[in-house]
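Reading through the structure tokens given below for one structure.
Residue numbering restarts at 1 for every chain, and letters A, B, ... go by the order of the sequence lines.
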Amino acid sequence: MKAHITDLLGHAATHIGVDATQLNIIIDRPKSAEHGDFSSNLAMLLAKPLRQNPRAIAEQLIQALPHSDYIAKVEIAGSGFINFFLSAQSQQTIIGDILKAGDMFGRNNLGKGENVQVEFVSANPTGPLHVGHGRGAAVGDCLARLLDANGWNVTREFYYNDAGAQIENLVISVQARCKGIATDDASFPENGYRGDYIVDISNAFLAKQTVTADDMQVTASGNVDDADAVRTFAVAYLRHEQDLDLKAFQIKFDVFSLESALYSTGKVESTVKALIASGKTYEEGDALWLKTTDFGDDKDRVMRKSDGGYTYFVPDVAYHYDKWNRGFKRVINEQGADHHSTITRVRAGLQALNAALNISIPQGWPDYVLHQMVTVMRGGEEVKLSKRAGSYVTLRDLIDEVGCDATRYFLAARRADSQLIFDIDLARAQTNDNPVYYIQYAHARICSVLNQWEGDVTTLKMVDLNPLNMPNEAKLMQRLSEYPEVVVSAGEDLAPHTIANYLKECASDLHSYYNDTKFLVDDVPTKLARLALIAATQQVLKNGLDLLGVNAPQKM
RNA sequence: GCCCUCGUAGCUCAGUGGAUAGAGCAUCCCCCUCCUAAGGGGAGGGUCACACGUUCGAUUCGUGUCGAGGGCGCCA
């Protein structure tokens, strides 16, 4: 429809002597219903070149506008807006479109089936997932769903560090607990992990249990002094814990990548060699440095420490080069904003590889979506601790307390780049304080009406829609027709929260309609038309909730 | 000190180069003999942090100031 109106305006512009091909005609959906279904600022844009009053130009454009069956009325408003009002018939076509497309409604093929990888969560296995990981999980998974809806072939990937200093801390913490050393004992490792879950791992290790994570299976040896055995078991144990957290959060990964594998397969070494070959490295003070300043960093970074080990970003570069080799021309990394500084380094490393390996990784590759911190509130006070984890609120705490749907919704419904206050009381509320239930309730209400009708819902796609002539019906139809555009823009902007906002608006229109209008009326044509409208609404709510990974209940 | 993000109603947050800046909560008033009141309708509440620029038009873009958070490691 936007294309159609653009076309009409283009013709009109040509008619009054303006070269329409030079124009970037923008068609908007006005916020207010009195401004029609679509509006254009074309007359304002032409005011300067034509040296005329925008309203006068709008007048001429409207005179020159070709006739269209889709348009019922065109008006000039404000300082020169041209507002288009759709005919009832053209507005009603959306209902049939939705009911015919069903679950596919709103999906498109913009991604052309190309591969995109979304890496998210990527928590190191040193403890249960916390709220911050939860935000990453919710946002990342919704991004993946959005890209899928926009026609991309999505791979969800989880990367973790199963070696290194943090893992060593985990190992010595487990060993200390195995030996019965309490966390407040002077001999407990200073930087050790003190959460109760360490005790669980210790007990399981001593009991020689077997743990099965999504990507590994390990049986404990029970030999506390064997650090390797403790490490592999503890990592598997915590990976399994994270799997359970993720499962409770309805998130599934396609690929798990281990940092250790980058070493064992020689990918780190070959990356380092290539970086050296690129000429962008130098030795200084027993360390090897990468000239990241050549790629926009504010200082050069150490690659290989004087003790011979690599700094974390070297395997990161190797990992991303591997992603590139695996055919991902598009990669989106969802991370906490505290990892912000790695972006420049990883991209710098990849740019340095370009010359040495004769490849062409684009400058801004990969994409990043960073989320800001989450503060959890309960009873007006900040919640900081969990008994299990010791020092932070776990994702599991939240899911257990407020449910998966509400947790997902609240963590994904805000712009990633603003700080988030998670109000547990609000998330638990079963009133319209709580947008999750508000949206789900709209869906459940429709289900309930359709059930009471007892007719065959699949026949509704064929009914005569002419009885739909009330303003609240027009408003709802317009809302439904926006949905595919919302999916596109949310995908382009990597902004899943806009889906949540849309659903709130859509639910609001439905509740308003529901309250004002009885659907199961005696007049059959009216009844069927209204049922078709709410059935279409039900479908859109369901499709939208699915993008958020939130259930659309039949009953509440 | 430098870099990144944010600053919108009492609170939590949307929004946007354009029309009177929105929603929910909170406050106040109304609506179930009726398909789920987990709902609806209405009232009040704003210097879009501040200043200066760009623009026909700025809450939106740019610069600066102030405030909040994060990052500036041979930690990850």
Check: Considering every strand shown, what is the Watson-Crick or G-U wobble mate of B:rU60 when both distances are under 3.5 Å?
Finding: none
Item checked: Spacing between A:D516 atom CG and B:rC34 atom P, to the nearest angstrom -> 17 Å
Checklist line | Atom P, compared across B:rG73 and B:rG53: separation rounded to whole Å | finding: 39 Å
Next item on the list: Starting from P on B:rG22, measure out to CZ on A:R29 and report it in whole angstrom.
Entry: 19 Å
Margin query: Using a 4.0 Å heavy-atom cut-off, does A:R415 contact any base of the nucleic acid, only the sugar-phosphate backbone, or nothing at all?
Written below: sugar-phosphate
Margin query: Please give the distance between the C1' atoms of B:rC25 and B:rG45 as a whole number of Å.
Written below: 13 Å
Check: In whole Å, what separates the P atom of B:rC6 from that of B:rA49?
Finding: 12 Å
Item checked: Sugar-phosphate, base or nothing in reach of A:E34, heavy atoms under 4.0 Å -> base
Checklist line | Complementary nucleotide for B:rC66 - Watson-Crick or wobble, under 3.5 Å | finding: B:rG7
Notebook entry, point to check: Do A:S306 and B:rC74 have a side chain to base donor-acceptor pair shorter than 3.5 Å?
Noted result: yes
Check: Which part of the nucleic acid, if any, lies within reach of A:M303 when heavy atoms closer than 4.0 Å are counted: base, sugar-phosphate only, or nothing?
Finding: nothing
Check: Given B:rC74, B:rA19, B:rG40, which nucleotide is nearest the side-chain atoms of A:S512?
Finding: B:rG40
Next item on the list: Would you kindly give the CZ-to-P distance between A:R445 and B:rC34, to the nearest whole Å?
Entry: 14 Å
Notebook entry, point to check: Distance only, no hydrogens: is a donor on one side chain within 3.5 Å (strictly under) of an acceptor on the other, for A:D162 and A:S260?
Noted result: yes
Notebook entry, point to check: Is a side-chain N or O of A:D423 found less than 3.5 angstrom from the main chain of A:L426, in a donor-acceptor match?
Noted result: yes
Checklist line | Pair partner, B:rA43 [Watson-Crick or wobble, under 3.5 Å] | finding: B:rU27
Checklist line | Residue A:S341, side-chain heavy atoms: nucleotide from B:rU5, B:rA14, B:rC72 that is nearest | finding: B:rC72
Check: Using a cut-off of 4.0 Å on non-hydrogen atoms, how would the nucleic acid contact of A:D286 be classed: base, sugar-phosphate, or nothing?
Finding: nothing
Checklist line | Identity of whatever pairs with B:rU55 - Watson-Crick or G-U, under 3.5 angstrom | finding: none
Check: What nucleic acid atoms does A:A47 come within less than 4.0 Å of, heavy atoms only: base, sugar-phosphate, or nothing?
Finding: nothing
Next item on the list: Could you give the distance separating B:rA37 and B:rC31 at their P atoms, to the nearest angstrom?
Entry: 16 Å
Next item on the list: Please report the C-alpha distance between A:N124 and A:T126 in whole Å, then the side-chain angles of each, then the deciding distance to 0.1 Å, and finally whether the side-chain hydrogen bond (donor to acceptor under 3.5 Å, both in side chains) criterion is met.
Entry: CA-CA 6 Å; A:N124 288 339; A:T126 55; over 6 Å; no
Next item on the list: Provide the distance between the two C1' atoms, one in B:rA9 and one in B:rC32, to the nearest whole Å.
Entry: 31 Å
Check: Cationic tip of A:R239 within the cone over A:F158's six-membered ring, i.e. under 6.0 Å and within 45° of the normal?
Finding: yes
Margin query: So A:Y514, base contact, sugar-phosphate only, or nothing? Heavy-atom distance under 4.0 Å.
Written below: base
Notebook entry, point to check: If you check every side-chain atom of A:D417, which of B:rC35, B:rU5, B:rA19 has the closest atom?
Noted result: B:rU5
Check: With a non-hydrogen cut-off below 4.0 angstrom, is A:G336 in contact with a base, only sugar-phosphate, or nothing?
Finding: nothing
Notebook entry, point to check: Given B:rA76, B:rG15, B:rU5, which nucleotide is nearest the side-chain atoms of A:N501?
Noted result: B:rG15
Margin query: Rounding to an integer number of angstrom, what distance separates B:rA14 and B:rG24 when you compare their P atoms?
Written below: 16 Å
Margin query: Would you say the ring centers of A:Y368 and A:H339 fall short of 6.0 Å from each other?
Written below: no
Next item on the list: May I have the distance from A:K504 (atom NZ) to B:rA38 (atom P), rounded to whole angstrom?
Entry: 20 Å
Check: So which nucleotide from B:rA68, B:rA19, B:rC34 ends up closest to the side chain of A:K518?
Finding: B:rC34
Margin query: Less than 4.0 angstrom from a charged side-chain N to a carboxylate O is my criterion; do A:K280 and A:D294 meet it?
Written below: yes
Margin query: Using a heavy-atom cut-off of 4.0 Å across all strands, would you classify A:H35 as base, sugar-phosphate, or nothing?
Written below: base
Next item on the list: Give the rounded distance in Å between these two atoms: CG of A:D338 and C1' of B:rC4.
Entry: 12 Å
Item checked: Complementary nucleotide for B:rC2 - Watson-Crick or wobble, under 3.5 Å -> B:rG71
Check: Would you say A:S257's side chain and A:Y159's backbone share a donor-acceptor pair under 3.5 angstrom?
Finding: no
Next item on the list: Please tell me which of the listed nucleotides, B:rG15, B:rC4, B:rG69, lies nearest to the side chain of A:M373?
Entry: B:rG69
Note to self: Need one value for A:S32: base, sugar-phosphate or nothing, where a base atom within 4.0 Å counts as base even if backbone is also close, heavy atoms only.
What the structure shows: nothing
Notebook entry, point to check: CE of A:M556 versus P of B:rA37: gap in Å, rounded?
Noted result: 13 Å
Margin query: For B:rG22, give the paired nucleotide (Watson-Crick: N1-N3 plus N6-O4 or O6-N4; G-U: N1-O2 and O6-N3; both under 3.5 Å), or none.
Written below: B:rC13
Check: Yes or no on side-chain hydrogen bond (donor to acceptor under 3.5 Å, both in side chains) for A:Q440 and A:D405, after CA distance, side-chain angles and deciding distance?
Finding: CA-CA 10 Å; A:Q440 291 183 321; A:D405 283 345; 2.9 Å; yes
Notebook entry, point to check: Could you give the CZ-to-P distance, from A:R414 to B:rG15, as a whole number of Å?
Noted result: 10 Å
Notebook entry, point to check: For B:rC72, does the O4'-C1'-N9-C4 (purine) or O4'-C1'-N1-C2 (pyrimidine) torsion place it in syn, i.e. within 90° of 0, or in anti?
Noted result: anti
Note to self: Base, sugar-phosphate or nothing for A:H497? Non-hydrogen atoms, less than 4.0 Å.
What the structure shows: sugar-phosphate
Note to self: If I pick the P atom on B:rA26 and the same atom on B:rG64, what distance separates them, to the nearest angstrom?
What the structure shows: 42 Å
Next item on the list: Assign A:A444 to base, sugar-phosphate, or nothing according to its heavy-atom contacts below 4.0 angstrom with the strands shown.
Entry: base
Item checked: Distance below 4.0 Å between A:K31 side-chain N/O and B:rA19 OP1 or OP2 -> yes
Checklist line | Integer angstrom distance from the C1' of B:rU20 to that of B:rG46 | finding: 13 Å
Notebook entry, point to check: Think A:K305 has a side-chain N or O under 4.0 angstrom from the OP1 or OP2 of B:rC75?
Noted result: yes
Checklist line | Residue-phosphate contact under 4.0 Å: A:K299 side-chain N/O, B:rG73 OP1/OP2 | finding: yes
Next item on the list: With heavy atoms under 4.0 Å as the rule, sort A:L420 into base, sugar-phosphate or nothing.
Entry: sugar-phosphate
Check: Ignoring hydrogens and angles, does a donor from either the side chain of A:N83 or the base of B:rA19 sit under 3.5 Å from an acceptor on the other?
Finding: yes
Checklist line | Pair A:Y319, A:E157: side-chain N/O donor-acceptor within cut-off below 3.5 Å | finding: yes
Next item on the list: Tell me the partner of B:rC34, counting only Watson-Crick (N1-N3 plus N6-O4 or O6-N4) or G-U wobble (N1-O2 and O6-N3) with both under 3.5 Å; none if nothing fits.
Entry: none
Check: Base, sugar-phosphate alone, or nothing: which one does A:T517 contact when heavy atoms must sit under 4.0 Å apart?
Finding: base
Margin query: It should be established whether A:S418 places a side-chain nitrogen or oxygen under 4.0 Å from OP1 or OP2 of nucleotide B:rA14.
Written below: yes
Next item on the list: Decide yes or no, distance alone: a donor-acceptor N/O pair under 3.5 angstrom between the base of B:rA38 and the side-chain of A:Y437.
Entry: no
Check: At under 4.0 Å, does any side-chain N or O of A:Y438 touch on OP1 or OP2 of B:rG40?
Finding: yes
Margin query: Within the 4.0 Å heavy-atom criterion, would you say A:I421 contacts the bases, only the backbone, or no part of the nucleic acid?
Written below: sugar-phosphate
Next item on the list: Nearest whole angstrom, please: distance from the C1' of B:rG40 to the CG of A:L510.
Entry: 12 Å
Check: Will you find, in the side chains of A:Y312 and A:N161, an N or O donor that is under 3.5 Å from an N or O acceptor?
Finding: no
Checklist line | No-H, no-angle donor-acceptor pair, A:T311 side chain to B:rA76 base, under 3.5 Å | finding: no
